[in-house]
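The structure appears below as structure tokens.
We name chains A, B, ... by the order of the sequence lines, and we start the count at 1 in each one.
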Amino acid sequence: MIATKPGASIKGGEFLIQDIPADSVFIPEEFGEEQRMVAATCEEFLNREVLPRMKELDEAKSYEPIVGLLNKAGELGLLATSIPEEYGGFGMNFNTSMLVTDKIGASGGFAVALSAHTGIGTLPILYYGNEEQKAKYLPKLATGEWKAAYCLTEPDSGSDANSGKTKAVLSADGKHYVLNGQKMWITNGGFADIYIVFAKIDNDKNLTAFIVERDFGGITMNEPEHKLGIKSSDTRQIFFNDCQVPVENLLYQREGGFKIAVNILNIGRIKLSAACIGGAKAVAAQAIQYAKERKQFGTAIASFGAIQHKIAEMAVKLFASESATYRAGQNIDDAIQALIAEGMPESEAKLKGVEQFAIECAILKVHGSEVLDYVVDEGVQIYGGMGYSADAPMERAYRDSRINRIFEGTNEINRLLTVDMILKRAMKGQLDILGPAMAVSKEIMSIPDFGAEEEEGLFIKEKKVIKNLKKAVLMTAGAAVQKFMMAFDKEQEIIMNLADMLIEVYAAESALLRVEKLIGIKGENAVAVQKEAALVYLHEAVEKVAWAGRQAITSFAEGDEQNVMLLGLKRFTKIDPYNLKEARRRIAHAALEAGGYPF
Amino acid sequence: MKILVCISVVPDTTAKISFTDGDTKFNKAGVQFIAGPYDDYALSRAVELKEQSGGTVTVLNVGDADAEPIIRKALAVGADDAIRVNAEPTDAYFVAEQIAAIARQENYDLILMGRESIDFNGGQVHGIVGELLGIASFSPVMKLDIDGTTARFAREIEGGKESLEASLPLVLGCQEPIAEWKIPNMRGIMTARTKPLKVVEPVGHDSLTQVTQFELPPAKGAVKMIPAEDAGQLITLLRTEAKVL
């Protein structure tokens with residue numbers, strides 16, 4: 001049922017039905033010298049200018065320190081990596097901008113302020129602006145002379161973004177749209193020079209986007225919100241009272257706003273995963289350092305198995321998330337290049353490339369933010385009592401992490417989207433899951449193949465496990481959709497289960513492919529610990545897929561059907577036993593030796 | 001004005017130090033290398049001087065091909081071109097000879113480098129280069145301004161600071177706060193790949209010195225805390241345990 005396809009032609013979502021060859025995936029070890037230099041600049045900037053001030057920034061009563069840091073980032077060119085050279089940027093590829101996001105990710109609220117500017121603030125103009133709009137705004141956004149904010153959410157319109165009430169009415173002379181409404185949770189709201197505002201013209205069904213300059217007037221705002229975390233970022237409610245927006249500042253097209261919002265969010269989601277990786281690496285390094293220094297019962301707590309387990313789990317989850325994130329990042333770059341080669345204009349190709357991998361973007365958003373939450377939670381635990389103290393760094397990291405499961409679409413919305421997009425693509429004939437799903441439903445009715453003739457090669461058994469996990473997803477999803485048909489979308493619990501299965505399959509496969517590729521480059525001995533990490537992740541993924549599958553199957557199948565499917569699930573979640581305790585200890589030792597995330 | 005900046009490639013300050021070949025060679029395995037931090041300050045000042053009054057900045061390193069990413073980082077910071085002398089920098093005289101050989105061909109107005117490299121901390125290269133070229137050398141220079149063909153600079157001396165004036169050409173060993181620390185910006189990184197990096201073969205003698213053995217300092221012992229009320233015990237311990245009194 002599963003065919004092999006070369007990497008460049010892999011489409012979004014196809015990981016579920018394809019065998020992916022290791023040499024087709026990008027791994028972060030392949031970043032070149034120039035990209036490493038870009039990453040080093042980010043690290044140096046953070047180490048010198050931001051990280052020593054984290055406590056001060058967290059407690060600051062004004063946005064001045066963050067604005068100052070954004071200006072410095074602008075001087076270094078860090079706000080312009082994705083902007084083409086003709087608009088004063090550096091036109092770096094997608095995965096390099098992901099690397100920048102990863103490196104800046106360690107800086108909590110500052111990272112959020114920077115991403116809001118470079119991502120949701122700048123990208124709508126970059127991708128949807130006309131020539132005049134791009135020429136007018138992008139050079140100033142590239143240097144940071146102007147800061148940007150993105151105004152989508154309203155008090156009664158959050159996840160249901162298209163239900164916003166903000167109105168735009170054309171003035172009598174036809175020269176302006178008059179904007180009225182209220183927006184909330186606006187990052188950089190207090191100091192932004194331009195706002196991307198979504199509103200409905202007259203009684204339109206769908207949103208339209210506008211580029212609103214602060215100086216257009218009619219803009220007032222509340223004091224900054226009191227937030228749980230990322231306190232150094234400035235978040236506000238903003239009110240538009242007869243704000244006069246020149247008609248030429250309508251972005252893209254009337255009622256095109258929702259499309260902008262959705263597509264920009266795709267980019268935001270995968271980048272959020274990169275930022276979470278960066279944040280989690282920094283937290284892991286601190287926790288590992290603390291575990292080495294903190295002595296109890298006469299010895300460093302790092303020598304205890306319970307602590308080593310936590311350290312290893314941090315590294316394992318991070319390894320999988322990092323592998324998956326840069327793998328998808330390169331898929332997007334490849335898709336963009338292919339579309340440009342077909343003659344599509346660059347900015348359109350960039351959007352389409354990301355849209356093509358929107359499923360992976362949603363998967364990564366969930367995985368990355370949950371890995372970060374795991375790492376900060378165990379980070380607090382390793383710090384013990386000090387973890388609960390605002391004088392040690394874990395308390396802030398713990399608070400800062402939490403927003404990532406909420407913004408850029410909550411993790412629930414992203415789980416729903418993951419499954420929804422796969423099904424929609426299947427129905428449109430873009431993703432052939434029907435055939436493979438039918439094949440699996442036949443397979444579970446037949447006698448199991450005991451695999452007499454074993455193939456030779458690296459990770460043959462593990463790849464079989466991955467293949468089977470995919471079958472488990474196809475079996476469960478296929479049966480559930482068949483059962484509920486049009487009412488399937490009302491079964492959110494089952495959709496959550498399926499999303500969890502998909503997420504684990506993608507992450508586990510990415511980690512394994514990365515190690516397989518690494519072995520090809522460096523040899524097995526040099527990457528023994530990475531191999532352990534991929535294997536530990538795979539074993540955990542199998543358990544999670546089995547658990548989620550069982551939840552789903554028992555909720556909709558009964559009697560014989562249930563028995564057959566549960567047996568099938570058991571068959572598809574079989575994996576040879578492995579001493580995970582010892583594997584985790586070896587990973588923990590590597591992390592302790594490295595003084596942080598060891599890969 | 002033509003400025004030559006010599007950079008050393010040294011282990012990162014956090015690197016674990018060990019030796020091989022019967023403790024006669026530094027073990028490079030697993031060690032992260034960086035440009036010498038003092039050299040970075042020299043480079044930063046050279047770039048500032050160029051930005052103020054024009055001229056060119058050339059970066060020179062004596063080292064093997066592994067040094068090239070670090071050399072390109074110097075180009076990203078703002079140097080115009082680079083020369084790598086393809087040889088292991090075995091000792092101060094050997095390195096100085098290479099620098100002098102290149103300087104003789106190019107007539108630089110200023111030759112800047114760190115006050116010392118942070119690996120072997122010899123602090124001799126600038127002095128030897130000055131001697132070989134027959135021009136003055138000063139170190140450690142913490143402030144530097146150029147006015148026509150005159151350099152005005154300040155140097156740290158025992159118990160104070162010395163302000164000096166000398167005519168170009170000069171060799172100067174530099175240290176902070178001679179310049180603002182520079183992080184390579186994106187434009188610099190993007191243009192670094194287009195800047196020339198010339199590789200030349202070494203000249204002159206082989207190394208004149210030879211290492212017979214390296215030895216690590218003894219590991220730090222545990223700190224013993226003495227309660228304030230037993231302060232007298234400190235004297236006893238300094239006599240009997242630490243044996244420093």
Checklist entry - Any idea which of B/K16, B/K73, B/R72 has the most non-hydrogen atom pairs under 4.5 angstrom with chain A? => result B/R72
Checklist entry - Does the side chain of B/D80 pick up a donor-acceptor pair with the side chain of B/T56 at under 3.5 Å? => result no
Item to check | Donor-acceptor side-chain pairing of B/D21 and B/T24 below 3.5 angstrom | outcome: no
Next on the checklist: Does the structure place the NZ or CZ of A/K271 under 6.0 Å from the centre of the six-membered ring of A/F94, at an angle of no more than 45° from the ring's axis?
Outcome noted: yes
Next on the checklist: Can you tell me which portion of A/E33 sits under 4.5 Å from chain B's heavy atoms? Options are side chain, backbone, both or neither.
Outcome noted: side chain
Checklist entry - When A/V50 is tested against each of A/L114, A/L57, A/I66 for side chain to side chain contact (heavy atoms under 4.5 Å, CB included), which residue passes? => result A/L57
Checklist entry - Quick one: what part of A/R36 sits under 4.5 Å from any heavy atom of chain B, side chain, backbone, both or neither? => result neither
Checklist entry - Which atoms of B/R187 come close to chain A, meaning under 4.5 Å heavy atom to heavy atom: side chain ones, backbone ones, both, or neither? => result both
